[in-house]
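Atom set for the values below is all heavy atoms of this structure, side chains included, hydrogens, waters and symmetry mates excluded. The shown structure was predicted, so the numbers you read here are calculated from the model rather than taken from an experiment.
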Amino acid sequence: MNEKTLYVTKQSGTYSDALVLFGLAALVDQICRSTKGPDARWRITLEDAGGHYLLRLDTDLPLSGLSALPSLAPYLASDDDAAPAGLTARSVTETLERVRAWDEQRRALAGGGRGQNTDQEQQLRELAPPDDAAVVLFVGDSKMQAAGIYNRLVAQWPKVQAHLPQHLGALFALFDSPDVDVQSVLKSWARLAKQDDIDQKETASQLLNPHQGKGANEPKANALRIDNIKDRPWLEEFLKAVGLWYGVAPRRTVDTDDWKVYVAAPRRITWQVFRAAFAEFNRFLWRERGQTAIKTDITSVLLFYRAWLSYVEATTRDQPALDLPLEPEAVVAGFYVAQFKLLSRQAYTMLNLSFLSTPSWGALLRDRADIFALQEIIDEHLAVVRSIDETRSSGFELLRRYRDFLNTSNWQSFFDFTAGYSQEILRRLNESQRSVPLFSVTRLRRLIMSNRKDLTPIIENVGFQNVASAIRHATVIPQSRKAKNQEVLYEVRYGLGAELKRKSAVRDEFVVALTDFIQSYNQENAQKLESTGTQMRKDVRTTDIAEVVRLIDEYGAELVANLLIAFGYAREARDEQEVQPNA
């Protein structure tokens, strides 16, 4: 059995390279389906090899017997632009109407309360848009000014059928080796393309080439052209057009009306598994309401992580022998991200390119119980992130810090987030918001201990836990009771987290601030016990203080302060109903 390896060079360092890879994988898979028997099995593996992507096929790739292949990229048809013969079509108008009907039904169901109308729920499932509906709306958006180029690329596929094996041979020759002579291959193909009336070059669409479009595209920097440049090889651009329908998740922001496009960057994964997992991810995205700009970044990464865990759990339950990595970071490195902004009334412009890494949270995943536990952690983080108002300057800064943490695994960014969120919690509760999503102590402990084992001695220290509990009972718990118009026995210590964070820069100042708080906390306990005969929270013991001071000397004041704030403004299991009745 002859194996086939194809090489996709990372020419641009953007999602354009991944589109070529996806288009190539889809084409190889289609050829195998067309040429091999119904009982045949094959494996296509996508792998990141540094300077290029590898596509490995564990069998031969016969081309000589091919007489016809349908296009893997549909034509985007409209009332005045029907699809050419031999091409499947998708209607932007019909897709948009279906999405609107589904959204209206979802709103009606949410307004009536879940579980109250099973007919509506069934209708919602029936109206659910196809997984690729977002791609249809993105490519078909007239202000993206991309549908014309896309359709021209797709419309040439029927012309290929006359000499299909030869055209495919030229296409695959472009990827036969890491250092293939591309110009030589294209020159050899030119005569055949001319014979079949195929336009060999196409305009560099910003949708397919976010790093290149209208403007400064001169090979030598001696002029600035403002016209479109028709210099992209059709063979490669067609693969990108196909690749749009695999591994691409366009999302529209609700605050700025931008398009943000998320394209998966495979690390090592089979094509069949990738398609199934990404379809699960798309279903998660359709259930997600519109988000603001930074939230779309955060929720896209977290929802993909969540979707992969759901896919692995369901698949391995049905097929226990299937060998799949449990952790998403082992299969997908992250997402290429492009932001398209409406800088004029008529046209989107590519404004920013970035990359979001998959967080390394799954190193200790061993079984289904671990998967469920990590899913609960992700759901908790999603609830916190969704609740933050990005239009406020404080909310924007919080989300920026959380995104930095998610993208870089920099725990200082997370601690900066939790310190800022501590003020957000009390502000919102003080404004009579009855339910504010909080991190839970157990899930916060699990996430930190699985990623920062060096912090375990701090988190598991009884003195640390008791002081964190005192912070909680002086801030989150009484303020929550106050927000629900319940009796509040103890004073709410506003600004406590901010003060501890500020003082932690100097060891002695932090120790003084912490001991002052504990002294006043214990004194208030004694006063309330004397005046009411009731004590609803435990005193902090001198041994607890001594343990925390020892941790400060060993690990530093800033780290201990960060952890005290994070856990002090989290909720314990026994507080869950008290602090978050609707969580």
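- With sequence neighbours left out, R452 forms a salt bridge (charged side-chain N to carboxylate O under 4.0 Å, His left out) with D454.
- Contacts classified as ring-ring contact (aromatic ring centres under 6.0 Å, His included) and involving residues 514-545 (residues at least two apart or in different chains) are given here: F517-Y521.
- Other residues, nucleotides and ligands contribute at most 12 non-hydrogen atoms within 6.0 Å of the CD atom of E530.
- Take D103 and apply the salt bridge (charged side-chain N to carboxylate O under 4.0 Å, His left out) test, not counting sequence neighbours, and it matches R106, R107.
- For the ring pair (Phe, Tyr, Trp, His ring centres under 6.0 Å) with F405, the qualifying choice from F414, F415, Y421 is F414, the only one to do so.
- Side-chain atoms of N461 do not come within 3.5 Å of backbone N or O of I458 as any donor-acceptor pair.
- Qualifying salt bridge (charged side-chain N to carboxylate O under 4.0 Å, His left out) partners for E509, counting only residues two or more places apart in sequence or in other chains: none.
- F355 is linked by a ring pair (Phe, Tyr, Trp, His ring centres under 6.0 Å) to Y336, counting only residues two or more places apart in sequence or in another chain.
- Listed by chain and residue number, F274 satisfy the ring pair (Phe, Tyr, Trp, His ring centres under 6.0 Å) test with F22 (two or more places apart in sequence, or in another chain).
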N/O donor to acceptor pairs below 3.5 angstrom from side-chain atoms of residues 551-568, sequence neighbours left out:
unit_1 : atom_1 : unit_2 : atom_2 : d
D553   : OD1    : R507   : NE     : 3.0
D553   : OD1    : R507   : NH2    : 2.8
D553   : OD2    : R507   : NH2    : 3.3
E554   : OE1    : R550   : NH1    : 3.3
N562   : OD1    : K501   : NZ     : 2.7
N562   : ND2    : Q412   : OE1    : 3.4
N562   : ND2    : E558   : O      : 3.1

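- The number of heavy atoms from other shown groups lying within 6.0 Å of CZ (R43) does not exceed 12.
- Residues meeting the side chain to side chain contact (heavy atoms under 4.5 Å, CB included) test with R386, sequence neighbours left out: E288, Q291, L303, L382.
- Although no hydrogens or angles enter the test, the distance criterion places a donor-acceptor pair under 3.5 Å between the side chain of K10 and the main chain of G50.
- Of the residues listed (L438, V467, V441), the one engaging R472 in a side-chain contact (heavy atoms from CB on, under 4.5 Å) is V441, and it is the only one.
- Under the 3.5 Å distance criterion, the side-chain polar atoms of Y262 are left unmatched by any main-chain donor or acceptor of L356.
- Listed for the S450 side chain is a donor-acceptor partner under 3.5 Å among the backbone atoms of L447.
- Residue pairs meeting the salt bridge (charged side-chain N to carboxylate O under 4.0 Å, His left out) criterion with at least one partner in residues 324-336, sequence neighbours excluded, do not occur; the list is empty.
- Annotation: F304 is in aromatic contact with F335 [ring centroid separation under 6.0 Å].
- The ring pair (Phe, Tyr, Trp, His ring centres under 6.0 Å) test applied to F138 returns W259, F340, not counting sequence neighbours.
- Between the side chain of N209 and the main chain of H211, no donor-acceptor pair closer than 3.5 Å is present.
- With a 6.0 Å cutoff to the six-membered ring centre and a 45° limit on the axis angle, R368 does not count as a cation-pi contact of F372.
- Taking a cutoff of 4.0 Å between a charged side-chain nitrogen and a carboxylate oxygen, R251 and D297 do not qualify as a salt bridge.
- The salt bridge (charged side-chain N to carboxylate O under 4.0 Å, His left out) check on D17 picks up nothing, with sequence neighbours excluded.
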Problem - Check against salt bridge (Lys or Arg N to Asp or Glu O under 4.0 Å), K528 and E524 - result: CA-CA 6 Å; K528 294 298 181 182; E524 187 180 20; 5.2 Å; no

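- Although no hydrogens or angles enter the test, the distance criterion places a donor-acceptor pair under 3.5 Å between the side chain of T475 and the main chain of I471.
- Residues passing the ring pair (Phe, Tyr, Trp, His ring centres under 6.0 Å) test with Y7 are H52, sequence neighbours excluded.
- Of all the heavy atoms in L324 and T315, the pair that sits closest is CD1-CG2, 4.1 Å.
- Side chain of Y53 to main chain of V20: no donor-acceptor pair is present (N/O by atom type, distance under 3.5 Å, no hydrogens or angles).
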